[in-house]
Amino acid sequence: IRQEEPRRNHNQILFSNYQEKVALKLAIQKLAKLNIQIPIFAKIDANVQGHELELIVQHLTPFVDAFIGTKEQITSYLQKGKFLSRTFYISFPADDMDKPELELDTLKQHTAFGGIVIQAPHRTKEDGYWHEDIHANKHLIQAVKEIKYKHSDVIVITSGGVETPEDAYS
């Protein structure tokens with residue numbers, strides 16, 4: 001099998017709108033073979049809900065240290081009386097920072113709440129690929145500052161927005 005070259009635009013790799021999803025059985029097989037001493041986070045696809053979400057969490061719990069999911073996923077799981085024995089992080093786009101439904105004060109009350117993951121802003125073009133905004137790093141920096149100003153005790157992880165070593169350092 002020959003791997004295809006990634007599509008590029010102005011020296012940037014383009015990512016498909018339809019991200020690759022790893023089958024649960026394959027993920028468990030790979031995780032079971034790992035012998036590493038670093039934390040493993042499992043990001044749950046935003047479209048996964050209900051029983052499928054419960055199965056994924058149940059089967060991956062022995063292998064991961066934390067889950068990353070949407071606020072809706074985590075809230076629905078907790079509302080069903082399910083207990084998360086792993087830390088969870090709420091993931092959302094930087095563009096959703098000002099939405100009142102984020103409800104961090106409520107989420108922070110859960111003992112399993114670990115923090116948030118802010119995704120770099122992006123847009124989809126006609127070619128079916130998403131492109132990070134030109135100033136994604138600046139948006140992420142501003143989003144982190146806003147969260148830390150309002151909730152200094154919340155752990156913040158960012159995703160994307162890094163094109164150069166200087167971006168990572170900022």
Side-chain angles (χ1 to χ4, degrees), residues 13 15-122 124 130 132-133 136-137 139-162 168:
I13 295 174
F15 296 93
S16 172
N17 229 13
Y18 309 101
Q19 297 180 9
E20 177 184 350
K21 296 179 186 173
V22 179
L24 183 57
K25 286 183 181 180
L26 181 60
I28 291 170
Q29 287 173 354
K30 288 185 178 220
L31 289 168
K33 292 178 185 176
L34 292 178
N35 185 20
I36 57 176
Q37 302 301 316
I38 60 170
I40 297 176
F41 288 49
K43 185 172 190 303
I44 300 171
D45 183 276
N47 296 317
V48 172
Q49 298 294 329
H51 185 65
E52 185 180 11
L53 175 63
E54 292 176 31
L55 283 174
I56 290 171
V57 170
Q58 176 187 359
H59 285 88
L60 290 181
T61 293
F63 303 101
V64 302
D65 299 286
F67 289 99
I68 300 171
T70 65
K71 182 185 85 65
E72 293 76 19
Q73 287 172 323
I74 303 301
T75 303
S76 72
Y77 195 80
L78 294 171
Q79 284 175 345
K80 291 180 181 177
K82 302 286 183 182
F83 175 74
L84 282 170
S85 61
R86 296 291 183 258
T87 305
F88 69 85
Y89 291 78
I90 304 297
S91 177
F92 60 91
D95 299 336
D96 290 354
M97 282 287 302
D98 297 327
K99 294 189 176 178
E101 56 270 9
L102 190 56
E103 302 170 3
L104 273 181
D105 288 324
T106 305
L107 292 167
K108 287 190 320 187
Q109 294 174 13
H110 294 285
T111 56
F113 178 75
I116 59 173
V117 177
I118 306 173
Q119 304 156 8
H122 67 273
T124 304
W130 63 264
E132 280 190 352
D133 284 349
N137 188 268
H139 290 289
L140 283 172
I141 291 170
Q142 184 59 36
V144 170
K145 286 180 180 178
E146 287 178 31
I147 286 288
K148 286 303 203 176
Y149 177 76
K150 295 175 186 174
H151 306 277
S152 60
D153 57 331
V154 171
I155 293 173
V156 179
I157 300 171
T158 60
S159 175
V162 177

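- Judged by distance alone, the side chain of K148 and the main-chain N or O of V154 form a donor-acceptor pair under 3.5 Å.
- Of the possible polar contacts, one joining the R86 side chain to the V64 backbone as a donor-acceptor pair under 3.5 Å is found.
- Counting all heavy atoms, side chain and backbone alike, D105 lies closest to H151 at OD1-CE1, 3.2 Å.
- Counting heavy atoms of neighbouring residues, nucleotides and ligands inside a 6.0 Å radius, atom NZ of K145 does not exceed 12 of them.
- Note that the CD1 atom of I68 and the CD1 atom of I157 stand 6.0 Å from one another [nearest 0.5 Å].
- Ring planes of Y89 and F41: tilted class, angle from 30 to 60°.
- S152 contributes no side-chain N or O that, together with a main-chain N or O of Y149, makes up a donor-acceptor pair within less than 3.5 Å.
- Residue F113 holds its CZ atom at 6.0 Å from CD1 of I90, rounded to the nearest 0.5 Å.
- Taking the side chain as every heavy atom from C-beta outward, L34 and F63 never approach each other to under 4.5 Å.
- Closest of all the heavy-atom pairs between L140 and S159 is CD1-O, 4.2 Å.
- Counting only heavy atoms from C-beta outward, the side chains of S91 and T70 never approach each other to under 4.5 Å.
- Scanning both residues, P93 and I118, for their nearest heavy atoms gives C-CG2, 4.4 Å.
- Looking only at distances, no side-chain donor or acceptor of E54 sits under 3.5 Å from a matching main-chain atom of Q49.
- When side chains are defined from C-beta on, F67 does not count as touching K43, because their heavy atoms never get closer than 4.5 Å.
- To the nearest 0.5 Å, the span separating CG on L24 from CD on Q29 amounts to 10.0 Å.
- Under the 4.5 Å side-chain criterion, counting only non-hydrogen atoms from C-beta, I28 is in contact with L60.
- Residues I116 and L107 fail the side-chain proximity criterion, which asks for heavy atoms closer than 4.5 Å.
- Looking at L55, I56, V57 one by one, the single match for side-chain contact (heavy atoms from CB on, under 4.5 Å) with V48 turns out to be I56.
- Contact between Q73 and S76 at its shortest, heavy atoms only, is O-OG, 3.0 Å.
- For the pair I44 and L53, the minimum side-chain heavy-atom distance is below 4.5 Å.
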